[in-house]
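Letters A, B, ... mirror the listed sequences (proteins, then strands); counts begin at 1. This one's a predicted model, so the numbers in the text were calculated from it and none came from an experiment.
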Number of protein chains: 2
Amino acid sequence: MPTGPVTLADVARRADVSRMTVSKVVNNKAGISEATRERVYRAIDELGYVANGAARALSAGRTNTLGVVVPSIGPQYISEVIRGADMAAREAGLDLLISTTQEDLRHESQNVGRLTHGLVDGLLMVLPRSVDQYSQALLRAHVPVVVVATGNQNSPFPLVDADHYHGARAAMRHLLDLGHTRIGFIAGRADTAASLERFRGYQEGLLTAGLIPEPLLVEEGHYTQPGGFAAATRLLGLAPAPTAIFAANDLSAFGAVEAVKELGLRVPQDVSVVGFDDIPQASQVFPALTTVRQPLTEMGRAGVKQLLNVLHGVGAVTDRLVLATELIDRASTAPPSAGRVPSTAN
Amino acid sequence: MPTGPVTLADVARRADVSRMTVSKVVNNKAGISEATRERVYRAIDELGYVANGAARALSAGRTNTLGVVVPSIGPQYISEVIRGADMAAREAGLDLLISTTQEDLRHESQNVGRLTHGLVDGLLMVLPRSVDQYSQALLRAHVPVVVVATGNQNSPFPLVDADHYHGARAAMRHLLDLGHTRIGFIAGRADTAASLERFRGYQEGLLTAGLIPEPLLVEEGHYTQPGGFAAATRLLGLAPAPTAIFAANDLSAFGAVEAVKELGLRVPQDVSVVGFDDIPQASQVFPALTTVRQPLTEMGRAGVKQLLNVLHGVGAVTDRLVLATELIDRASTAPPSAGRVPSTAN
DNA sequence: TTGAAAGCGCTAACAG
DNA sequence: CTGTTAGCGCTTTCAA
């Protein structure tokens, strides 16, 4: 019994064939007799052979690994995108190497450079902001790159995004159909294109219904739960107060729901709340949140699929793939209550 | 300008030195004159050279990458552990390769096998359940393994865990000190050791205060938000109802808070709620959740540090490292209201 | 259907 | 201080 990891040569010796034959068996190549194949498999099992990834990568010129670059793995929506990417990669027999930038921009382009040299065959950038900082390193990398879920308008790489604008329009239509005419908006961050698109949907939804957007009905929520709480509290302090609130993401919608309850009002009886994203928690809270679903896992999947298309040289790569969003009607929305005008006099 | 990636040889040619010299410069080895070093750096910059990871790994026998195996990256507490591991790895100049098992146990041990053969130098297993399924593959792997945040009692590998029992005791002491005598418990999952330990802390906290544990005051919450909601609803339907609820994790505590509000009661005035974990959201909800903090990021850090100790052959590796937990007193707990006995007669 | 030769890009060990 | 030699474990030709 030799010490150290078992190599191809060990298996070859054991099965009394050449290393090449073992390699072919391991990689399911054709042109090996059933008997030999059988014998090699037995040797592999007996020895517990596992191919060395580094050697394989160096020799074959590919790693069978896809890199995923994310700012951090905390936010749920990012987790969902990764989950989709993970499934697609798994189905294709590839590994995923997840790398977080942690906002540490200093060495990041260098980091990305490392990834693209012998560590991964392709890169999925899941970034909410611009990808500009990396463009240089990325462009000189010799691996395909696909950007996911950023609102970045003019990326030099193929993009996968969700239809933020029409999602927002759907949310507004839902609220308007229920009879709401005074609808507050909790904005995300002005520096993301996604946030801007959702806001545009809010405004144009209003205009389409013949309503006039009021600046006072728009508050910043910074995509956070406390931000949503504060924004909703301010909104509900208006006279007359809105009967419905559309939040730019689920997290700030959760905060809005808390604010409504804290003011002694009920969701949805007194105030309707709509979110955006449909993170898993949206269906877990009480009342379950009506929200606009971004196909997050599908976006991850689509990103990987684009990458595979490039790698395998098959199928077209869409420069800008925009996936549809959809309203998920749950329990946090209802028609405005007739006689009840929320009051927050304290 | 040669096509394809720039190699060491290209740099060597450009700087008019041997490949070995370039290698030494790249790896910051001593024994190179300042002038030569300078010249090599210039060539590297001009050519945009980046070392090939696969070749380096194969040649040097190490990958400078640590593997992290998690069931999935969704749950916040896992994200936090990874964040800690990520920071520690980054400080040590190592990459993290995150691999999810997605409950797909079929090919997992094989998957882990692949990782340990040329892809990573060490493995951090972040698993809530047992690691038994992998033990075989792991033991034959030629890389160190450390297990984090599982309640697994007898792992064959070094363990990093939190002190669930004393955390639960602290939560109970807090509630008892506030004057609560009727305290409900929302259990996690009976199949995790962590859940059992927390339950033990609940029971013994009661006993120490001279109170008798009542089976009716314990409900399963399955660690989920709807589970916590349902459990709390049942608990508050008792007569007399508990004045405080201790949930086995933050998620089920959020559900409990919702249930309290839904019954027309207030947190903490009518019912106090304590969670466990201190995920980021705990401080973001309203009212901010009083909870037992598991040092999740520290656990990730500690796991990586243990791995590094093994890899560098320095420092001791603790077979079982149990990190302290701590009560974080926020806004969801208060003394029981004197005259008020919650009623849920409907 | 099988195998021999060559080399992927890098680094460890040693020699000059 | 610098360079030579050898080889990591595998796969790609191409020949038998």
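For DNA chain D, the outermost nucleotides in 5' to 3' order that have an atom under 4.0 Å from a heavy atom of chain B are D:dC1 to D:dG9.
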(message) Treating primed atoms plus P, OP1 and OP2 as sugar-phosphate and everything else as base, which nucleotides of nucleotides 7-16 of chain C get B, S or - for protein heavy atoms under 4.0 Å?
(response) BBBBBBB---
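Shown here are the side chain to side chain donor-acceptor pair (under 3.5 Å) partners of B:Ser72, two or more places apart in sequence or in another chain: there are none. For B:Lys24, the side chain to side chain contact (heavy atoms under 4.5 Å, CB included) test picks out B:Met20, B:Lys29, B:Ile32, with sequence neighbours left out.
Salt bridge A:Asp45/A:Arg42: absent, no basic N to carboxylate O contact under 4.0 Å. With salt bridges taken as basic N to acidic carboxylate O contacts below 4.0 Å, none links B:Asp16 and B:Arg39. Salt bridge status for A:Asp10 with A:Arg13: present, with a side-chain N to carboxylate O gap under 4.0 Å. A salt bridge links B:Asp95 with A:Arg114: at least one charged nitrogen is closer than 4.0 Å to a carboxylate oxygen.
Side-chain contact between A:Arg56 and A:Asn27 is present, with at least one heavy-atom pair separated by less than 4.5 Å. No side-chain heavy atom of B:Thr65 sits less than 4.5 Å from a side-chain heavy atom of B:Leu119.
Between A:Glu80 and A:Thr297, the closest heavy-atom pair is O-CG2, 3.3 Å. Considering all non-hydrogen atoms of both residues, B:Arg14 and B:Leu47 come closest at NH1-CD1, 3.5 Å. Nearest heavy-atom pair across A:Ala43 and A:Ala15 is CB-CB, 3.9 Å. Closest heavy-atom contact between A:Thr101 and A:Pro71: OG1-CA, 3.3 Å.
Listed by residue number, there are no residues of residues 30-43 of chain B with a heavy-atom contact under 4.0 Å to DNA chain C.
A rotation axis mapping the C1' atoms of four pairs onto the next four is fitted at both ends of the helix from C:dT1-D:dA16 to C:dG16-D:dC1 over five pairs, and the angle between these axes is 30° to 10 degrees.
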